[in-house]
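To keep things clear, I will list the structure first and then write my remarks on it.
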Amino acid sequence: MTQHSSATLRQAPLLSTPGGGLKAGLGWGLLGVAAFSLTLPVTRIAVQDGGLSPLFIGSARAVIAALLAAAALALTKQHFPQRRQWARLALVAGGVVLGFPLLTSFALTTAPASHGAVVIGLLPAATAVAAVLRGHERPPLFFWIMAGAGAAAVVVFAALHGGGLVGLHWSDLLLFAAVAAGAVGYAEGGLLSRELGAWQTVSWALVLASPLMVVLTAAAVIRQPPSGSPAEWAALGYLGVISMFLGFFAWYRGLAIGPMAQVSQIQLVQPVLTICWAALLLGEQLAWPTLLGGAAVIACAAASVRVRLRR
């Protein structure tokens, strides 16, 4: 039985690390969240002038990341995943390579980054649910209370900033779908990272999705030849290299160390960071109610990650 075999891993164990346990998982998770926190504002920069189409941005970023992933896998001579692992990698690819990037790219053509943070702020709770269903983790009632409070605090926090939830638009539906796709991709990727390794999991998922993403990129170029500004191309570079590739190294490592239900809650701080970046990069305003709401969100995240889980 090799280190890449999953034949006996009916329930993947938590990783053992020199740094030890939950603190290490939270540290890696926070590093991944810091990388992801720029994704919505940077995507907004990439699509706001119309030089790069949403389809091109959502697919080309995956092609960039897939090229880096293929090079990393080849240079380190990684073994191919087993047959049953490819099916699970398809879930990861469908969630975080295809679903989340494309859905958010189209949503942010009309929705501001702060409004996107309202809905994406539900992702930690959705990931916790997916972790319970797939990872057999059993959070106690207090965990769900704090996770629900954190999700509510995120919505109130972002609404105070001005994004609001006044009526549902098609962009909201796209963002809700992105949350569902991201939660499945995060949970399955966290489990696979315990078998394949963190960076290997995201790399194989990117390679698996690359033929489709290349076709979508080519179709986007034919339909609307890209003519972005330097800022838009730089934004695409960030999305491909950091949001789609390097950020997942840390995020999946944190989820793999686990427990996933707890580590996923560190993402509650992402909307706080996202709206701060939106203020800095896009000129959106910050006020004291927003800052106080952000503090409440962080407090809920801190409480939820300290709950002891039963497996």
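Note on ring orientation: taking the six-membered ring where Trp is involved, the planes of Trp86 and Phe80 are tilted (angle from 30° to 60°). Ring pair Phe249/Phe245 is perpendicular by interplanar angle, where above 60° counts as perpendicular and below 30° as parallel.
Tracing side-chain contacts under 4.5 Å through hydrophobic residues (I, L, V, M, F, W, Y), one reaches Phe36 starting from Leu280; they form part of the same cluster. Met213 and Val221 fall within a single hydrophobic cluster, where Ile, Leu, Val, Met, Phe, Trp and Tyr side chains are chained together by heavy-atom contacts under 4.5 Å.
Here the side chain of Arg61 pairs no donor or acceptor atom with the backbone of Leu236 at under 3.5 angstrom. Panel note: side chain Glu232, backbone Ser229; a donor-acceptor pair is recorded below 3.5 Å.
Note that CD of Gln85 is 11.5 Å distant from CG of Leu191, once rounded to the nearest 0.5 Å. Here the straight-line distance linking atom CG of Leu68 with atom CG of Leu206 works out to 9.0 Å at 0.5 Å rounding. Interatomic distance, Thr104 OG1 to Leu175 CG, rounded to the nearest 0.5 Å: 7.5 Å.
Residue pairs that meet the ring pair (Phe, Tyr, Trp, His ring centres under 6.0 Å) test with at least one member in residues 218-237, sequence neighbours left out, are Phe56-Trp233. Pairs of residues two or more places apart, or lying in two chains, that qualify as side-chain hydrogen bond (donor to acceptor under 3.5 Å, both in side chains) and include a residue from residues 176-189 are Arg88-Glu188, Arg134-Glu188.
Every residue two or more places apart in sequence or in another chain that forms a side-chain hydrogen bond (donor to acceptor under 3.5 Å, both in side chains) with Ser37 is listed here: Trp277. Residues passing the side-chain hydrogen bond (donor to acceptor under 3.5 Å, both in side chains) test with Thr39 are Ser243, sequence neighbours excluded. In this structure Thr217 satisfies the side-chain hydrogen bond (donor to acceptor under 3.5 Å, both in side chains) test together with Ser59, sequence neighbours excluded.
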Go through the steps to decide whether Leu30 and Leu26 satisfy the test side-chain contact (heavy atoms from CB on, under 4.5 Å), and finish with yes or no.
CA-CA 6 Å; Leu30 184 58; Leu26 292 176; over 6 Å; no
Assess the residue pair Met244 and Ile64 against the criterion (side-chain contact (heavy atoms from CB on, under 4.5 Å)); give the C-alpha distance rounded to whole Å, side-chain angles, the decisive distance to 0.1 Å, and a yes or no.
CA-CA 9 Å; Met244 288 293 294; Ile64 294 171; over 6 Å; no
Kindly determine whether Leu255 and Trp251 satisfy side-chain contact (heavy atoms from CB on, under 4.5 Å), including the steps that lead there.
CA-CA 6 Å; Leu255 291 177; Trp251 181 240; 3.5 Å; yes
So Leu281 and Leu38, side-chain contact (heavy atoms from CB on, under 4.5 Å) or not? Walk me through it.
CA-CA 10 Å; Leu281 299 177; Leu38 271 161; 3.6 Å; yes
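The heavy-atom pair separating Ala235 from Ala46 by the smallest distance is CB-CB, 3.9 Å. Here the closest non-hydrogen pair linking Val179 and Ala126 is CG1-CB, 3.8 Å. Between Val207 and Ala69, the shortest heavy-atom contact is CG2-CB, 4.4 Å. Closest non-hydrogen pair, Ala183 versus Leu123, comes out as N-CD1, 3.5 Å. A pairwise comparison of heavy atoms in Gln224 and Ser53 identifies OE1-CB, 3.5 Å as the closest pair.
Trp204 has its side chain within reach of Gln78: a pair of non-hydrogen atoms, C-beta onward, lies under 4.5 Å apart. Residues Ile242 and Val42 fail the side-chain proximity criterion, which asks for heavy atoms closer than 4.5 Å. Side-chain atoms of Trp28 and Tyr252, non-hydrogen and from C-beta on, never get closer than 4.5 Å to each other. Side-chain contact between Tyr238 and Thr43: absent, with no pair of heavy atoms (C-beta onward) separated by less than 4.5 Å. The shortest distance between side-chain heavy atoms of Leu55 and Ser105 does not fall below 4.5 Å. At a threshold of 4.5 Å between non-hydrogen side-chain atoms, the residues Leu89 and Thr201 count as touching. Contact of the Ile257 side chain with the Val263 side chain is not registered, since no non-hydrogen atoms from C-beta on lie closer than 4.5 Å. Between Leu52 and Val47, the closest side-chain pair of non-hydrogen atoms is not below 4.5 Å.
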Would you give me the side-chain donor-acceptor pairs under 3.5 Å for residues 91-102, sequence neighbours excluded?
none

